[in-house]
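Encoded as structure tokens, the structure appears first; notes follow it.
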Amino acid sequence: MIDVAAPPAAGRWELFRALGAVAGDPADARTACAALGWAGPGNAEHTEVFVLNCPPYASVYLGAEGGLGGDAADRAAGFWRAIGLTPPAEPDHLAALFGLYASLGQAADDTRTAATADALTRARHALFWEHLWPWLPGYLDAVTDLGTSGLVPWACLASRAVLAERGTHPGGWLPLALRAAPEPGPAPDNLDALLDLLIAPVRSGFILTRRSLAAGAKAAGAGYRIGERRFTLRALLEQDPAGTVSWLAGEAARWSRRHAVLPAGQDSGPRRRDIVQAWWARRAGHTARILAMAAAGAEGTNAVCAPELKLSGAAE
């Protein structure tokens with residue numbers, strides 16, 4: 001297994017291409033992992049992480065619907081077109097984004113024209129702030145939480161590499177995906193609205209995976225029904241509204257703390273605040289507060305009130 005505390009032998013741009021390849025085809029993932037220093041995942045583990053729990057698409061984490069495609073994917077495709085490239089079939093897939101980031105960096109290094117190098121660097125800067133940094137720290141934390149032996153080293157190395165890149169992109173701004181996200185409000189007044197909030201990370205501020213929902217079912221003492229996250233979460237909320245919402249409030253609070261401080265990288269000095277991660281911390285913190293209040297109001301009943309959010313027996 002690779003020592004994630006030590007830099008890999010691969011060059012900077014080759015590293016990002018390899019990291020992206022791990023999130024693609026399982027066979028390519030094993031080849032890339034071998035080049036980086038560990039065996040990598042088997043097919044089942046690759047599917048468990050990248051298909052069932054943590055799909056490597058920006059749109060899942062930055063889109064208001066919490067699914068593939070939509071405005072978030074369109075924004076990624078628009079970036080490709082803005083720099084004169086035809087978008088690939090999956091313009092927001094991590095492999096495509098890391099590959100583009102590496103290509104822009106390599107092209108800037110290779111060009112002999114200062115103006116061209118500056119334009120390529122500015123494009124890479126925009127790619128980082130708009131399409132990588134807004135979702136990758138939380139996403140890689142979610143992959144790490146899964147605890148799979150073949151991909152935790154990948155998530156740790158990718159997190160370290162992205163954090164190191166953050167140091168090369170001073171300044172920064174709040175990206176459009178976060179500026180355009182629905183404003184937080186009071187607790188939803190019906191089950192479907194609550195599910196809309198919880199399934200979309202950009203709305204709730206935290207990532208719910210199938211694995212975490214299984215843990216939530218155990219914590220709430222409810223039965224775990226296998227299916228899409230929305231289906232599973234609906235079943236949990238209908239079985240034990242107060243217990244499930246209490247667990248969700250705790251998860252949101254945990255993610256708020258996780259987002260709140262940008263981890264210090266190697267030679268990066270003291271821990272520091274970051275505008276994007278601070279946004280995520282506030283969003284998760286707000287969700288934690290409204291869920292905690294709803295859970296407190298529902299304790300000992302079969303409804304979560306926000307103020308009249310009836311979850312037990314809600315219509316499908």
Might you point out which heavy atoms bring [X] and [Y] nearest each other, and give the distance in Å?
X      : Y      : value
His125 : Pro170 : CE1-O, 3.5 Å
Gly138 : His259 : CA-CE1, 4.5 Å
Val202 : Gly63  : CG1-O, 3.5 Å
Leu120 : Ala108 : CD1-N, 3.5 Å
Gly66  : Pro201 : CA-CD, 4.4 Å
Ile226 : Thr232 : C-OG1, 4.1 Å

Minimum side-chain heavy-atom gap Ile83-Leu100 below 4.5 Å: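 SC-SC contact between Ile83 and Leu100 confirmed.
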
Contact check, side chains of Cys54 and Tyr61, non-hydrogen atoms, under 4.5 Å: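 Yes. Closest side-chain heavy atoms under 4.5 Å.
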
Hey, are [X] and [Y] close enough for a salt bridge, meaning a charged N less than 4.0 Å from a carboxylate O?
X      : Y      : result
Asp274 : Arg166 : yes
Arg258 : Asp141 : yes
Arg75  : Asp71  : no
Glu228 : Arg210 : yes
Glu183 : Arg283 : no
Asp109 : Arg12  : no

Enter the distance from [X]:[atom1] to [Y]:[atom2] here, rounded to the nearest 0.5 Å.
X      : Y      : atom1 : atom2 : answer
Leu15  : Leu36  : CG    : CG    : 6.5 Å
Leu178 : Trp135 : CG    : CH2   : 13.0 Å
Leu237 : Arg234 : CG    : CZ    : 9.0 Å

Between Asn53 and Arg229: side-chain donor-acceptor atoms closer than 3.5 Å: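 There is no such pair (donor and acceptor under 3.5 Å, judged by atom type) between the side chains of Asn53 and Arg229.
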
Kindly say whether [Y] contributes a backbone atom to a donor-acceptor pair with the side chain of [X] at under 3.5 angstrom?
X      : Y      : answer
Trp280 : Pro134 : yes
Asp92  : Ser59  : yes
Arg211 : Leu146 : yes

Output field: ring centroids Phe50/Trp154 closer than 6.0 Å: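 Ring centres of Trp154 and Phe50 closer than 6.0 Å.
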
Mutual orientation of the aromatic rings belonging to Trp133 and Trp129 [parallel < 30°, tilted 30-60°, perpendicular > 60°]: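 Judged by the thresholds at 30° and 60°, the geometry between Trp133 and Trp129 is perpendicular.
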
His169 and Phe128 aromatic ring geometry - parallel, tilted or perpendicular at 30°/60° bounds: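 Ring orientation of Phe128 relative to His169: parallel.
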
Same apolar cluster (I L V M F W Y, side chains within < 4.5 Å links), Leu127/Leu176: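 No, it is not one cluster - the side chains of Leu127 and Leu176 are not joined through contacts under 4.5 Å.
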
hydrophobic_cluster_shared for Leu52 and Val152, side chain cutoff 4.5 Å: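 No.
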
Row check, Phe206 ring normal vs Arg254 NZ/CZ: under 6.0 Å, within 45°: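 No; the conditions do not both hold, so Arg254 does not lie above the ring face of Phe206.
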
Worked verdict on Arg30 versus Asp25 for salt bridge (Lys or Arg N to Asp or Glu O under 4.0 Å): CA-CA 9 Å; Arg30 285 188 289 275; Asp25 179 81; over 6 Å; no

